[in-house]
Number of protein chains: 2
Amino acid sequence: MDRFVSTFTNKIDAKGRVSIPAPFRAVLERDGYAGGIYCYPSLDAPALDAGGERLAQKIDGLLAGLPDYSDERDELSVALYGDVQVLAIDGDGRIVLPQPLRAHAGLQSEVTFVGLGDKFQMWAPERFDERRRVAREKVQEHRKLLGRQPPRSEGGDGEGS
Amino acid sequence: MDRFVSTFTNKIDAKGRVSIPAPFRAVLERDGYAGGIYCYPSLDAPALDAGGERLAQKIDGLLAGLPDYSDERDELSVALYGDVQVLAIDGDGRIVLPQPLRAHAGLQSEVTFVGLGDKFQMWAPERFDERRRVAREKVQEHRKLLGRQPPRSEGGDGEGS
DNA sequence: TAATGATCCATTGACGCCCATGAAATTCCA
DNA sequence: TGGAATTTCATGGGCGTCAATGGATCATTA
């Protein structure tokens, strides 16, 4: 298991702490996180993106292609690095979400963790429900357009890559 | 961790002192700073750029690429070296920002420290919010242009960061 | 001696770390 | 196969440490 899959919903306690779902923690440990996980506001959704070293390298990769001191790089740097928070994981597998991040995702008392392969997202449960509902509708439209295709069995235990 | 990541906002006290965020200090100590950090007005933003030895070497590298006695080099030299200040860090991890630097960034009572990899910037919080907003919009445009990023297969555990 | 700046000290509030509790799933045994 | 014990997790709380901040003392210099 080296990918984030499934969704889980956990509570935020009085101190702003929230448990990372155990399966996600297992992935993070495999991925390696030096000091914490990387977390930043999703660019196109009211949610937070998070992951371990692999995600960090992806960000670096984006910037690596741009020349130093170009305007483009500066802006990307600000948007990416500037928004990234490194969140420490405590001994019980919990993180603390800083206020600005919570605000972006509209997080109140609960967080829905959504696995997305090599990263995961954190949503306010209500907002995620809404998004999921829309996603389902789109899938249905697709199926109509494509003429019904037999559902591909998800079953994979075989990890790809 | 040898890179500046995340953002922090600290206060400027009555004497003009401001604490460098502890994580940044840790990076600086690893990077090495002989007597202080290098700080100068950002060329294209109402902010201050700062860093340790690595940043100084990068500036040297930039200038080295330009022919001696070229107009470009002269201008860059003046623009960069001319305004560079070496700021001492006191026993409590604080620096004092000289008036000209504060003026350039419009710093009043608070400073937002923004990690940008091998340097960091200091912004007036309000101005940084604005800049971040713009930067995020640009990134969204980028993503549209690139089409959605193909899910990069796990590859590349390459370098540690 | 007055003013300026640097070093040191104190407070407070946040955060990291530890342990306790309870629920749910899993295993083990009858 | 059913029930009980055990383990895993999520969650809540207490406490110690460290960082940020404000203030005071000391040195330096004009």
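Every chain is numbered from 1 and lettered A, B, ... according to where its sequence line falls, protein lines coming before strand lines.
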Remaining members of Phe128(A)'s ILVMFWY cluster at a side-chain heavy-atom cut-off under 4.5 Å? Val114(A), Leu116(A), Trp123(A)

Is Met122(B) linked to Val96(B) within one hydrophobic cluster, defined over Ile, Leu, Val, Met, Phe, Trp and Tyr using a side-chain heavy-atom separation of less than 4.5 Å? no

With sequence neighbours excluded, what pairs up with Glu130(A) under the salt bridge (Lys or Arg N to Asp or Glu O under 4.0 Å) test? Arg133(A)

For DNA chain C, determine which residues of residues 98-113 of chain A have any heavy atom closer than 4.0 angstrom to one of its atoms, and list them numerically. none

Across all chains, not counting sequence neighbours, the side chain to side chain donor-acceptor pair (under 3.5 Å) partners of Thr7(A) are none

With sequence neighbours left out, the residues meeting side chain to side chain donor-acceptor pair (under 3.5 Å) with Thr9(A) are Thr112(A)

Which residue pairs pass the side-chain hydrogen bond (donor to acceptor under 3.5 Å, both in side chains) test when at least one of the two sits in residues 100-109 of chain B, sequence neighbours left out? none

Between Val18(B) and Asn10(A), just flag the one whose closest nucleotide in DNA chain D comes earlier from the 5' side. Asn10(A)

Mind checking Ile20(A) for me? I need base, sugar-phosphate or nothing, with any heavy atom below 4.0 Å counting as a touch. sugar-phosphate

So that I can tick it off, tell me whether Asp60(A) and Arg3(B) are bridged by a salt bridge, with the cut-off set at under 4.0 angstrom between side-chain N and carboxylate O. yes

Quick one: list whatever passes salt bridge (Lys or Arg N to Asp or Glu O under 4.0 Å) with Arg132(B), sequence neighbours left out. Asp83(A), Asp129(B)

Reading DNA chain C in the 5' to 3' direction, which nucleotide is the first one with an atom under 4.0 Å from a heavy atom of chain B, and which is the last? dA6(C) to dC9(C)

Length of the CZ-C1' vector between Phe24(B) and dA20(D), whole Å: 15 Å

Between atom CD1 in Ile12(A) and atom C1' in dG12(D), what is the gap in whole Å? 15 Å

Mind calculating the distance between CG (Asp90(A)) and P (dC9(D)) to the nearest angstrom? 15 Å

Excluding Val134(B), membership of its hydrophobic cluster (Ile, Leu, Val, Met, Phe, Trp, Tyr; side-chain heavy atoms within less than 4.5 Å) reads none

Partner residues of Phe8(B) under the ring pair (Phe, Tyr, Trp, His ring centres under 6.0 Å) criterion, sequence neighbours left out: Phe24(B)

So which protein nitrogen or oxygen atoms get under 3.5 Å of nucleotides 23-29 of chain D's nitrogens or oxygens?
from	atom 1	to	atom 2	distance (Å)
dG23(D)	N7	Arg17(B)	NH2	3.2
dG23(D)	O6	Arg17(B)	NH1	2.7
dG23(D)	O6	Arg17(B)	NH2	3.4
dA24(D)	N6	Lys15(B)	NZ	2.4

With salt bridge (Lys or Arg N to Asp or Glu O under 4.0 Å) as the rule and sequence neighbours excluded, what pairs involving residues 15-25 of chain A come up? Asp13(A)-Arg17(A)

For Phe8(A) and dC9(D), what is the distance between atoms CZ and P respectively, to the nearest whole Å? 11 Å

